[in-house]
Amino acid sequence: MDKVELHDTLTREKRELTPSDGKQFRFYVCGPTVYGPAHIGNFRTFVLFDVFYRVLVAAGLQPRFARNITDVDDKTIKASQEQGLTLRAFTDRYTEKFHADCDTLGLLRPDAEPRATDHIQEQIDLIAVLMEKGHAYQGADGSVYYRVASFPEYGKLSHFDPAALQTQATNSAEALNLADEYDRDAVADFALWKAHKPADGENAWDSPWGRGRPGWHIECSAMSMKVLGQTFDLHGGGEDLCFPHHENEIAQSEGATGKPFALHWMHAVHLLVEGKKMSKSLGNFFTLDDLLEKGFAPDAIRYLLVSGHYRQQLNFTLKGVEGAASGLKKLRKLAAHLRVPEDADRTAPPPGSPTGAFASAWAVLRDDLNTPAAIGELFKTGSALLSESPREEDRMGLHKLLFALGIPPVGPENTTAETDAPEAIRALADRRWQAKKDRDFTAADALRAELTAAGWQVLDAKDGYTLEPLAR
RNA sequence: GGCGCGGUAGCCAAGUGGUAAGGCCGGGGACUGCAAAUCCUCUAUUCGGCGGUUCGAUUCCGCCCCGCGCCUCCA
């Protein structure tokens, strides 16, 4: 078992990861809310946790990985109604889309993928325990709320002072004005069970507190504990989830069980697109399909997402994806030279296998998941190996790294789309080929210029040529 | 205001108290009639600014400037 260290949001220290049950390393990642196709920012998070999972596998920590699907909330309900679909039919559609996108980006499937609406009873049971223990109460509106004041450790993850949170909230003019209308005892209290509203339509379930639906945070507490146990090794998600979502999960779970919930917390920092926070109005809001339509290869997109450290903002740019494709090509040459198996990105070499010249890359990857440093090491050691005859230990080492990063050692055979050139272009190209065969290079060059002007590039081979549309 | 992160070559991005990884782009060269591809090679006396600690700081401390995140349901 190789040592893996990771920064912990809770303690703000780097800590070694070990399975607390001595067998499997159990971890949970907050998955997508399936109300539409996920965007590239979502995928940064999911790709990073995929790499994390892979590193654990390759290190021999035998991970058990759970990632949920959130299929009930304001957005899913609203969008399903707008499309005239049941919540289930609607969320099924985008769950499938999410799976397809994950496959495209080479993500390994989690060991468990619980859905919120499949675990309503577990959530109700958990809320009932919180009611019994005095951590929850039913408000005047019929909704059930968590009493934050009942959990003294509230704020320990995000390092917020609960008192300050209260003060702050009540200090805002809006909160003051509305204070009397609150159904909660304190503004920091959050909903565990939401009483049915007309806007929810059919999307309601029976509970001891009347019809309604679960609050957002409770699903992750209920499902993670069901799938992984009351105490498990690590919980992760995007940085935005640290507060309040994860803080609330801790309050709910530890309030109910009296035991530690997740032992280690990991948060992935959001990316920037073209230097700005993604937003539809800025036109830098990309789904995976948007990028594929622009002609970018999925593995280049993945490579770029992995080329930044997970605790560092990453600036995702279109130019960057192009550059990523160039870098990938080099790595693949190295993989071919070392005869790494073609499925190296999908099949892990045995844990403990030799890493040879790639030991340093493997080491930095296990040191707080330093993917950019690992890629750097890959190139550094790799270029030296290119001129030597391949060694088995290096082959194993590169295999391990490519698996951990999820980089396929072989690219798609036809990276450039098979675009058929129009007849007129073909004719021009044929004339140029003839001119070239006649060694009339002046005419050949003139024809090449014409083709270039028309947006086509001629690539010569020994006994023929191919036409490619010029890049964007 | 509270908590936190960052400012390293044209771009992306590691890193260390001991004198700046790597990738992309670009330049030069080889090869090719040209182009593409490929190969070789070059590109930060310097790490936002100013002080301090130190034999020595990009790395530690202080202040300042700039950018960013979270502060109630956005990965």
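Basis for what follows: all heavy atoms, side chains included, without hydrogens, waters or symmetry-related copies. Numbered from 1 within each chain, the chains take letters A, B, ... in sequence-line order.
The gap from the C1' atom of B/C47 to that of B/A14 amounts to 12 Å, rounded to the nearest Å. Annotation: B/C65 and B/U54 have their P atoms spaced 28 Å apart (nearest Å). Comparing the C1' positions of B/U19 and B/A36 gives a spacing of 42 Å, expressed to the nearest Å. Across the C1' atoms, B/A20 and B/U72 are found 44 Å apart, a figure rounded to whole Å. Rounded to the nearest Å, the gap between the C1' atom of B/C63 and that of B/U45 is 27 Å. Taking the P atoms as reference points, B/U41 lies 11 Å from B/G23, given to the whole Å. Annotation: B/G6 and B/U59 have their P atoms spaced 13 Å apart (nearest Å). Taking atom C1' on both B/G26 and B/U43, the two are 9 Å apart, rounded to the nearest angstrom.
Side-chain N/O atoms of A/N68 and A/Y28 include a donor and acceptor closer than 3.5 Å. A/T355 and A/W362 share no side-chain donor-acceptor pair at under 3.5 Å. In summary, the side chains of A/D73 and A/T76 do present a donor paired with an acceptor at a separation below 3.5 Å, with no hydrogens or angles considered.
Between A/D430 and A/R426 there is no salt bridge, since none of the side-chain N atoms of the basic residue sits less than 4.0 Å from a carboxylate O of the acidic one. A salt bridge does not link A/K294 with A/D290: every distance from a Lys NZ or Arg NE/NH1/NH2 to an Asp or Glu carboxylate oxygen is 4.0 Å or more. With respect to A/R302 and A/D345, no salt bridge is recorded, no charged nitrogen being found less than 4.0 Å from a carboxylate O.
Comparing A/M278 and A/F190 by the nucleotide of RNA chain B that holds the closest heavy atom to each, the one mapping nearer the 5' end is A/F190. Heavy-atom nearest nucleotides on RNA chain B were determined for A/P244 and for A/I40, and the one closer to the 5' end corresponds to A/P244.
OP1 and OP2 of B/C68 both lie 4.0 Å or more from every side-chain N or O belonging to A/K277. In this structure, A/K75 reaches the B/C74 phosphate: one of its side-chain N or O atoms is under 4.0 Å from OP1 or OP2.
To the nearest angstrom, P of B/A14 lies 7 Å from CG of A/N370. As a whole-Å value, the separation of A/L271 CG from B/C68 C1' is 13 Å. Rounded to a whole Å, the CD atom of A/E274 is 17 Å from the C1' atom of B/G67. To the nearest angstrom, P of B/C34 lies 22 Å from CZ of A/R431. With rounding to whole Å, A/K380 atom NZ is found 14 Å from B/A13 atom C1'. Separating the CZ atom of A/R311 from the C1' atom of B/G15 is a distance of 14 Å, rounded to the nearest angstrom. Atom NE2 of A/H7 is separated from atom P of B/G6 by 10 Å (rounded to the nearest Å). Counting to the nearest Å, the C1' atom of B/A75 and the CG atom of A/L107 are 13 Å from each other.
Among the atoms of the strands shown, base atoms are found under 4.0 Å from some heavy atom of A/H270. Counting any heavy atom pair closer than 4.0 Å across all strands shown, A/G320 reaches no nucleic acid atom. In this structure, A/N315 reaches the sugar-phosphate backbone alone: every heavy-atom distance under 4.0 Å involves primed, P, OP1 or OP2 atoms, never a base. Nucleic acid contact for A/K319: none, since no nucleic acid atom lies under 4.0 Å from a heavy atom of the residue. Within 4.0 Å (heavy atoms only), A/L314 reaches sugar-phosphate atoms of the nucleic acid but no base atom. Looking at heavy-atom distances under 4.0 Å, A/R67 makes no contact with the nucleic acid at all. At a threshold of 4.0 angstrom between heavy atoms, the contacts of A/V458 include nucleobase atoms, whether or not backbone atoms are also involved. Residue-level contact check: A/R12 touches the backbone only, with heavy atoms under 4.0 Å from sugar-phosphate atoms and none from bases. Here A/K436 lies in heavy-atom contact (under 4.0 Å) with a base. Counting non-hydrogen atoms under 4.0 angstrom, A/E377 reaches nothing in the nucleic acid. Note on A/G323: only backbone sugar-phosphate atoms sit closer than 4.0 angstrom, heavy atoms only; bases stay farther off.
A stacking contact links A/F441 to B/G33: the aromatic ring centre lies within less than 5.5 Å of the base's six-membered ring centre, and the planes differ by less than 30°. Stacking between A/H309 and B/A14 is absent: the aromatic ring centre is not both under 5.5 angstrom from the base six-membered ring centre and within 30 degrees in plane angle.
Checking A/F190, A/W265, A/W216 one by one against A/H245, the ring pair (Phe, Tyr, Trp, His ring centres under 6.0 Å) holds for a single residue, A/W216.
Under the Watson-Crick and G-U wobble criteria, each requiring two contacts below 3.5 Å, nucleotide B/G4 is paired to B/C68. Across the strands present, B/A30 finds its partner in B/U38; the criterion is a Watson-Crick or G-U wobble pair with both atom distances under 3.5 angstrom. Pairing partner, B/C60: B/G52, with both Watson-Crick or wobble hydrogen-bond distances short of 3.5 Å. Taking a pair to require two hydrogen-bonding distances under 3.5 Å in either a Watson-Crick or a G-U wobble arrangement, B/U45 remains unpaired.
Closest to the side chain of A/Q312, out of B/A75, B/A35, B/G6, is B/G6. Considering only side-chain atoms of A/W216, the nucleotide from B/A35, B/C73, B/U72 that sits closest is B/C73. Distances from the side chain of A/A373 to the nucleotides B/C24, B/G2, B/A14 place B/A14 closest. Closest to the side chain of A/D460, from the set B/C71, B/A75, B/A35, is B/A35. With B/C73, B/A35, B/G33 as the candidates, the nucleotide lying closest to the side chain of A/A444 is B/G33. Side chain of A/S326, nearest nucleotide from B/C25, B/G69, B/A35: B/C25. Comparing B/C71, B/A75, B/G69 against the side chain of A/F160 picks out B/C71 as the nearest. Taking the side chain of A/R44 as heavy atoms from C-beta on, and the options B/A35, B/C5, B/A75, the nearest nucleotide is B/A75.
Using bins of under 30°, 30° to 60° and over 60° for the plane-to-plane angle, the ring pair A/F261/A/H235 lands in the tilted bin.
One donor-acceptor pair, N or O on each side, does fall under 3.5 Å between the base of B/G33 and the side chain of A/D445. If you check distances only, the side chain of A/K329 never reaches the base of B/C24 with a donor-acceptor pair under 3.5 Å. Not a single donor-acceptor contact under 3.5 angstrom links the side-chain atoms of A/N248 to the base of B/C73.
Pairing each heavy atom of A/D200 with each of A/A195, the nearest pair is OD2-O, 4.3 Å.
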Test side chain to side chain donor-acceptor pair (under 3.5 Å) applied to A/D368 and A/Y310, step by step: CA-CA 9 Å; A/D368 202 22; A/Y310 78 97; 2.5 Å; yes
